[in-house]
Amino acid sequence: MKVDNSISQLGQAPAGPKAAHSTPTPSSSQPATGAKVQISALSAQLQGAEAVAADASVVDVKRVAEIKQAIAEGRFKIDPEKIADGLLDSVRQMLNGRAPAGTT
């Protein structure tokens, strides 16, 4: 069995006897001129929703700045009980098959 280096040449046909038997590719991969595409109403709604979601900020930049300032000034207090309660609530919701509160 001969091991060659053909994997390093992605996108190129392998040299040798196999290349002679390869399937010819179409001369053009472009769609025919005048081809029309119709998008369903649901697809159009999804595209609109994606556009709105792309414009929405995932992070509240103002709140992050406030927290950074509080940490820098030593005013930021951590409540371990609140964190533990939130984690437990998230786990309970995941086990019940629901998304955790605040993630939708």
Side-chain angles (χ1 to χ4, degrees):
M1 175 179 196
K2 181 180 176 185
V3 177
D4 63 9
N5 199 12
S6 62
I7 290 179
S8 65
Q9 300 174 356
L10 294 175
Q12 298 177 357
K18 290 183 183 178
H21 299 292
S22 65
T23 306
T25 58
S27 61
S28 174
S29 62
Q30 298 294 325
T33 304
K36 294 183 180 181
V37 177
Q38 286 188 321
I39 298 176
S40 71
L42 178 59
S43 179
Q45 286 178 338
L46 286 173
Q47 286 181 342
E50 286 177 346
V52 169
D55 291 339
S57 178
V58 177
V59 177
D60 184 352
V61 177
K62 184 179 176 184
R63 180 70 177 137
V64 170
E66 290 172 1
I67 293 171
K68 280 184 175 183
Q69 186 67 31
I71 291 171
E73 295 173 357
R75 297 182 290 113
F76 188 76
K77 303 293 182 214
I78 297 174
D79 185 354
E81 289 181 16
K82 185 175 180 180
I83 294 170
D85 289 341
L87 286 171
L88 288 172
D89 186 44
S90 294
V91 170
R92 285 185 193 110
Q93 289 177 2
M94 284 189 291
L95 290 175
N96 289 328
R98 299 182 312 227
T103 61
T104 55

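Nothing fancy with the numbering, it's 1 onward along the sequence.
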Requested in this report: State, yes or no, whether a side-chain contact exists between I71 and I67 at a heavy-atom distance under 4.5 Å.
Outcome: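 Counting from C-beta outward, I71 and I67 do come under 4.5 Å.
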Query raised in the report: Which value, rounded to the nearest 0.5 Å, describes the distance between I83 atom CD1 and L87 atom CG?
Result: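 Taking CD1 in I83 and CG in L87, the distance rounds to 7.5 Å.
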Query - Value rounded to 0.5 Å, distance of CD in Q93 from CG in L88 - result: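 Rounded to the nearest 0.5 Å, the CD-CG separation comes out at 11.5 Å.
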Requested in this report: Tell me, yes or no, whether the heavy-atom count around E81 atom CD, taken from other residues, nucleotides or ligands under 6.0 Å, exceeds 12.
Outcome: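 No - once you tally the heavy atoms of other residues, nucleotides and ligands closer than 6.0 Å, there are 12 at most.
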